[in-house]
Protein chains: 2
Amino acid sequence: MSACDTDPGPSQELVADVFARGCTSRATLEDIGSKWAQLALLALGEGGYRFNALRRRVEGVSEKMLSQTLQTLERDGLVTRDVVSAIPPRVEYALTPLGEQVAGRLRELADLLERSVPQVTAARAAYDSRG
Amino acid sequence: MSACDTDPGPSQELVADVFARGCTSRATLEDIGSKWAQLALLALGEGGYRFNALRRRVEGVSEKMLSQTLQTLERDGLVTRDVVSAIPPRVEYALTPLGEQVAGRLRELADLLERSVPQVTAARAAYDSRG
DNA sequence: CCGCATCCAAAGGGATACTG
DNA sequence: CAGTATCCCTTTGGATGCGG
């Protein structure tokens, strides 16, 4: 089954499917799911950030990973990169409309997990004590 | 700032924060975000699955990775593992109530991305043609 | 200030073979 | 059927140093 953008046929209803191996939606989901991408999107959901400010907001991210992550997100059309040629140089990152939608969904997920910490902690303790 | 479950103080309002380095909610978000965990949760959102059926549903996953992923999700209290001792043996996987909630959020995200494939594809083409 | 390049250690993840 | 164990290659990701 699983129709996707990679499907060859001259189909009339071409629906993407995250379960399909080569589907762009699956690849995008993977891009978004990465540790640093999630946090970068959540941070940018709060408003625009300059590179180093974003780096401080996302605790523990290295320059390299933040840079790579932002490039991927920019390429997917989720993040804009605005270069202000000045001294010192400034680069402002923000979400596109699509990025806003994605960040909104992630926010809901993050809120749910933040509220569920006690439950998760208990589940882990139970699992670990059983072996 | 960033209060979390690892905070020491005798605080009255202990709120988890996914941005905090050692926060359980951040770790859980990472568990959920992994390529295979996302797809496994989405699949289980459709109903219970046995191991090999789930493996077929999640195209491309290896036995090893599916097994590992399910263990992590079980430990976090998102998935239940029901062993039916019979010949041949059967193991049924399903979502917990918390898992259902998480899977629901993921479904919304996946739907959004599936609908946005043309937009993402266009963004990538534009990005790549610029260098 | 922004971020690319290089190096290197550590984790991720696939293929295969084997057990209950 | 449902895994575990092993091997081994690939990717991730941090640290450091340099350039615009």
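We use all heavy atoms of the structure for the numbers below, so side chains are in, but hydrogens, waters and symmetry mates are not.
Across all strands shown, E92(B) has no heavy atoms under 4.0 Å from either base or sugar-phosphate atoms. Residue contacts shown for R81(B) are limited to sugar-phosphate atoms, with no base heavy atom under 4.0 Å away.
Contact between the side-chain N/O atoms of R50(A) and the OP1/OP2 oxygens of dC2(C) is found at a separation under 4.0 Å. Contact annotation: S67(A) reaches the phosphate of dC4(C) (side-chain N/O to OP1 or OP2, under 4.0 Å). For Q71(B), a side-chain nitrogen or oxygen approaches OP1 or OP2 of dT4(D) to under 4.0 Å. Contact between the side-chain N/O atoms of Y93(B) and the OP1/OP2 oxygens of dG3(D) is found at a separation under 4.0 Å.
With rounding to whole Å, E30(A) atom CD is found 14 Å from dG12(C) atom P. For M65(B) and dG12(C), the CE to C1' distance is 7 Å, given to the nearest whole Å. Rounded to a whole Å, the OH atom of Y49(A) is 18 Å from the C1' atom of dC1(C).
For the pair E46(B) and R57(B), the salt-bridge criterion is met [side-chain N within less than 4.0 Å of a carboxylate O].
The base of dC2(C) lies outside donor-acceptor range of the side chain of E63(A), with no N or O pair under 3.5 Å.
Closest to the side chain of V91(B), from the set dC7(C), dG3(C), dA2(D), is dA2(D).
Nucleotides of DNA chain C nearest to P89(A) and S62(B) differ in position, and the one nearer the 5' end is that of P89(A).
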